[in-house]
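Order of appearance sets the numbers: ligands from 1, and atoms from 1 within every ligand.
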Amino acid sequence: MNDQAPPIDFDAIPRSRLPALLRAMPKAELHLHIEGSLEPELIFRLARRNGVALPHASVEALRAAYAFTDLQSFLDIYYAGASVLLKEADFFDLAWAYLERAAADGVVHAEIFFDPQTHTMRGVPMEAVVVGLSHACRRAHAEFGISAQLILCFLRHLSEDEAFATLEQALVHRHHFIGVGLDSSERGHPPEKFARVFARCRALGLHVVAHAGEEGPPAYIETALDVLKVERIDHGVRCTDSPALTQRLARERVPLTVCPLSNVRLCVFPSLAQHNLPQLLAEGLCATVNSDDPAYFGGYIADNFLKTFEALPQLGAREAWQLAQNSFEASFVPAAQKAAWTARLRDVFSAAVAGG
Ligand code: ADE
Ligand code: ZN
């Protein structure tokens, strides 16, 4: 950041200007499962195109089934939805639809999760998955100026041997993804189950992240850091069950990719008003706001910002700036690119101070 730049007068931005600012401010999205952006309308369109039978009669009936009680109840429906994805063009269409929406929400950079095992275990070639997604990322950069990169996630309810096999298959397409993550059912599947495959990924120069502390205990966040040596924690909100861990995350500036609407839909918090995002920021953590699985949880990234700020009056323009700035800090891009986005952020906030 430019140390010479004058401070932003956050108090001069009235609350009435906050929704437009939250939408317009440049931001990075760092926790988005591309399969979780599969809208019911696209599920039906792809089912028709591919001749796949669906258990629900209509878009409305499918949406009505989106009533979750915990992570597993969601995952069962999420994996069923992904069954319509078969061809490279399906993966392109999926990612393209997300990137269009993200660009409209002020996203300048997205690091996108994909779950290859969900598809390869149904006989879909790894190439169709990776090449379809990657093609959409490249085209969106050219058409919307959004940068987008892929992170391959291992499903933690499967074995480490299956993760190794998936990695070997994916390495043919190494240039199409920047890192690996760990997702799916958290409880009973601690990070250390994947110690050896993450060590191999680090040796290959891949970035490493992991879901931890969504439903699982603070100990899972600790082993994600100490055994897997991850660079970011996805979710991580349960860190506040341990004050010592919370202080460590703040001290080490370990980014947390927080997903407020997801947390409420999956009953991690009873309501947005009871979410611990304000506490995480107040304690100096590098927290970011993301959408996780927007087609299932009631909104994309701008909705996450707008609804969370509406529910939590402690969050204002200063916190909006901090969250956008944190998203750049936590992203896997060169420092010069982060500085350029910070300068754009400053322009948008300066205009808001001036009344724009
Ligand atoms: N896969 C997709 N969304 C997820 C979530 N919120 N937690 C774990 N795995 C996921
Ligand atoms: Zn997630």
Between Asn326 and Arg253, a side-chain donor and acceptor under 3.5 Å: yes
Testing the 3.5 Å rule here: is there a donor-acceptor pair between the side chains of Thr240 and Asn276? yes
Protein heavy-atom partner closest to atom 9 (N) of ligand 1 - residue, atom, separation in Å: Ser184 N, 2.8 Å
Atom 7 (N) of ligand 1 has as its nearest protein heavy atom Glu214 OE1, 2.7 Å
Here the atoms of ligand 1 under 4.0 Å from any heavy atom belonging to Asp292 are 3 (N), 5 (C), 6 (N)
Would you check whether Asp115 has a nitrogen or oxygen atom less than 3.5 angstrom from a nitrogen or oxygen atom of ligand 1? no
Compute the minimum heavy-atom distance from Asp234 to ligand 1 and say whether it is under 4.0 Å. no
Can you tell me if Gly36 has a non-hydrogen atom under 4.0 Å from ligand 1? no
Proximity of [X] to ligand 1 by residue part, where a heavy atom lies under 4.0 Å:
X      : result
Glu186 : neither
Glu35  : neither
Phe113 : neither

Any salt bridge linking [X] with [Y]? Criterion: basic side-chain nitrogen under 4.0 Å from a carboxylate oxygen.
X      : Y      : result
Asp93  : Lys87  : no
Glu231 : Arg202 : no
Asp105 : Lys27  : no

Please find out if less than 6.0 Å separates the ring center of Phe74 from that of Phe297. yes
